[in-house]
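Presented below is the structure to which this report refers.
The figures here come from the full heavy-atom set of this structure, side chains too, leaving out hydrogens, waters and symmetry mates.
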Amino acid sequence: MVKIMGRNVFVSYKYSDSKVQDLDLYELVDFLGSTLKRKITTTARHYVDKLAEKLETDDHIYKGEDDDESMASLADSTIGSKLGDKIFYSSVTIVLISKGMKEPFTAEKDQWIPWEVSYSLKEQTRQNQRSKTNGVIAVVLPDEYGSYEYYITRDEECNCRTLNTPFLFMILEKNMFNVKTPNRRLCNGSYVYTGDASYIQSIKWKDFIDNSSIYIAKAIELRDRQDEFELIKNIN
């Protein structure tokens, strides 16, 4: 968990996803009495480390998924217990969107990220305290080619972005373009959303890392205006 300007931030991500841009990382290894540098395969987990370096942290950063533990054999109550303790005191959740974030041929209910998003959006009660719904930010990582176009593309003619929301887990997709009273304009026969159309906003990694405090403040603002959005909090 990260503490930023008095706020605790939970980070949800697919730690083993290597379909991300190389960060040119090395580790020191001993070989026949000599210390050598060995190249490390960059994964989404290493972007969490970069996030911790950038943000003002407390003692440590909490990372959502941190091993290969399968969820298939876990009861909902066990999952809730694991996540409740970690998310309860946070006010913002950062979801790292990466090209290989989904496990193929595995139901969404058997993957950690949807559950982490669900518990971030729900209000919980424990020890006579009640948590609030978290603000949630989708921070999009560049893929192995340094591109964001697997999810974000630019329409220059309409001066807008197009988000490939069907690529996402359903609970993320349903909490985007979910404002109850949308503002839209017509361009080339299609409607383009303007203003705060989504409760969960999508930000490129390079933009977020340069202006993290601005985007985190925006997520808090949207959380305080959550009644303006149709929030979906459960995994279907």
Side-chain angles (χ1 to χ4, degrees), residues 11-25 39-51 53-55 63-65 92-106 108 111-114 116-117 135-179 182-212 214-216 218-219 222 229 232:
V11 183
S12 176
Y13 68 107
K14 178 60 179 174
Y15 86 103
S16 61
D17 182 13
S18 60
K19 293 181 180 180
V20 294
Q21 186 172 29
D22 183 24
L23 292 175
D24 198 28
L25 302 173
K39 189 79 166 22
I40 297 173
T41 299
T42 301
T43 67
R45 168 69 175 80
H46 296 107
Y47 278 84
V48 180
D49 294 337
K50 292 294 182 182
L51 193 62
E53 292 172 8
K54 172 66 178 179
L55 303 179
K63 300 165 287 294
E65 180 195 359
V92 175
T93 294
I94 295 173
V95 184
L96 296 186
I97 306 300
S98 55
K99 196 174 181 179
M101 67 190 293
K102 288 184 176 180
E103 296 177 15
F105 313 113
T106 303
E108 294 195 5
Q111 300 186 56
W112 282 107
I113 292 176
E116 289 165 352
V117 174
V136 182
I137 311 168
V139 176
V140 186
L141 302 185
D143 68 11
E144 63 267 48
Y145 307 109
S147 174
Y148 296 92
E149 292 193 354
Y150 68 94
Y151 178 64
I152 299 176
T153 53
R154 183 75 189 172
D155 185 333
E156 296 296 344
E157 189 172 352
C158 290
N159 190 28
C160 69
R161 301 185 309 168
T162 298
L163 304 182
N164 181 22
T165 56
F167 164 82
L168 302 172
F169 290 107
M170 193 174 296
I171 193 169
L172 287 167
E173 179 184 3
K174 287 188 173 182
N175 286 294
M176 295 179 181
F177 301 106
N178 62 332
V179 66
N183 294 314
R184 297 183 296 185
R185 59 184 172 85
L186 193 62
C187 180
N188 291 337
S190 299
Y191 283 104
V192 176
Y193 285 85
T194 61
D196 295 326
S198 301
Y199 183 77
I200 300 179
Q201 299 203 332
S202 300
I203 312 298
K204 291 181 179 179
W205 167 262
K206 64 179 182 179
D207 295 328
F208 181 81
I209 209 68
D210 288 340
N211 301 282
S212 55
I214 293 174
Y215 292 116
I216 288 170
K218 183 64 177 181
L222 294 177
F229 300 87
I232 303 299

Practice task
State, yes or no, whether a side-chain contact exists between Gln111 and Lys14 at a heavy-atom distance under 4.5 Å.
Solution key: no

Practice task
Report yes or no: does Asp17 contribute a side-chain atom to a donor-acceptor pair with the main-chain N or O of Gly100 at less than 3.5 Å?
Solution key: yes

Exercise for the section: State, to 0.1 Å, how close Ser198 and Phe229 come at their nearest heavy-atom pair, and which atoms those are. Expected result: C-CE2, 3.5 Å

Handout entry: Test salt bridge (charged side-chain N to carboxylate O under 4.0 Å, His left out) applied to Asp49 and Arg45, step by step
Key = CA-CA 7 Å; Asp49 294 337; Arg45 168 69 175 80; 2.3 Å; yes

Practice task
Please round to the nearest 0.5 Å and tell me the distance separating atom CD of Glu156 and atom CG of Asn159.
Solution key: 7.0 Å

Exercise for the section: Check whether any side-chain N or O of Thr42 sits under 3.5 Å from a backbone N or O of Leu23 as a donor-acceptor pair, and report yes or no. Expected result: yes

Practice task
Side-chain contact test, heavy atoms from C-beta onward, threshold under 4.5 Å: evaluate it for Asp196 versus Leu222 and give yes or no.
Solution key: yes

Exercise for the section: Evaluate whether atom NZ of Lys19 has more than 12 neighbouring non-hydrogen atoms of other residues, nucleotides or ligands under 6.0 angstrom away. Expected result: no

Exercise for the section: Compare all side-chain heavy atoms of Tyr151 with those of Thr165 and state whether any distance is below 4.5 angstrom. Expected result: yes

Exercise for the section: Grab the two heavy atoms, one from Met101 and one from Ile113, that are nearest each other, plus how far apart they are. Expected result: CE-CD1, 3.9 Å

Exercise for the section: Please examine the side chains of Asp24 and Lys39, heavy atoms only from C-beta on, and report whether any two atoms are closer than 4.5 Å. Expected result: yes

Handout entry: Arg154 side, atom CZ; Thr162 side, atom OG1 - distance, nearest 0.5 Å
Key = 9.0 Å

Practice task
Could you tell me how the ring of Phe167 sits relative to the ring of Tyr150: parallel (under 30°), tilted (30 to 60°) or perpendicular (over 60°)?
Solution key: perpendicular

Exercise for the section: With the side chain counted from C-beta on, respond yes when Ile137 and Lys218 share a heavy-atom pair under 4.5 Å apart, and no when they do not. Expected result: no

Practice task
Please work out which of the three classes, parallel, tilted or perpendicular, describes the rings of Phe177 and Tyr193, given edges at 30° and 60°.
Solution key: tilted

Completion exercise
To the nearest 0.5 Å, atom CD1 of Ile97 lies from atom NZ of Lys204 at 14.5 Å

Handout entry: Student check: side-chain heavy atoms of Cys160 and Asp155 closer than 4.5 Å
Key = yes

Exercise for the section: Decide yes or no on side-chain contact (heavy atoms from CB on, under 4.5 Å) for Tyr15 and Val48, but give the supporting numbers first. Expected result: CA-CA 9 Å; Tyr15 86 103; Val48 180; over 6 Å; no

Problem - Val136 backbone acceptor or donor facing Thr93 side chain under 3.5 Å - result: no

Exercise for the section: Side-chain contact test, heavy atoms from C-beta onward, threshold under 4.5 Å: evaluate it for Ile209 versus Tyr215 and give yes or no. Expected result: no

Practice task
Determine yes or no for a side-chain-to-main-chain donor-acceptor pair under 3.5 angstrom, with Glu108 supplying the side chain and Met170 the backbone.
Solution key: yes

Exercise for the section: Run the numbers on Tyr13 and Leu141 for side-chain contact (heavy atoms from CB on, under 4.5 Å), then give the verdict. Expected result: CA-CA 10 Å; Tyr13 68 107; Leu141 302 185; over 6 Å; no

Handout entry: Nearest-0.5 Å distance, CG of residue Leu168 to NZ of residue Lys102
Key = 7.0 Å

Fill in the blank from the handout: When rounded to the nearest 0.5 Å, the distance separating NZ of Lys174 from CD1 of Ile232 is 6.0 Å

Exercise for the section: Flag the pair Trp205 / Pro142 as yes when at least one side-chain heavy-atom distance between them is below 4.5 Å, and no otherwise. Expected result: yes

Problem - Side-chain donor/acceptor of Tyr47 to backbone N/O of Gln21, under 3.5 Å - result: yes

Problem - Interatomic distance, Ser212 atom OG to Lys54 atom NZ [nearest 0.5 angstrom] - result: 5.5 Å

Handout entry: Expected output: side-chain Thr194 to main-chain Asn183 donor-acceptor under 3.5 Å
Key = yes

Practice task
Output, in order, the C-alpha distance, side-chain angles, deciding distance and verdict of side-chain contact (heavy atoms from CB on, under 4.5 Å) for Val20 and His46.
Solution key: CA-CA 10 Å; Val20 294; His46 296 107; over 6 Å; no

Fill in the blank from the handout: Nearest heavy-atom approach of Val140 to Ser202 is CG2-CB, 4.5 Å

Practice task
Indicate, with yes or no, whether the SG-to-SG separation of Cys187 and Cys158 is under 2.5 Å.
Solution key: yes

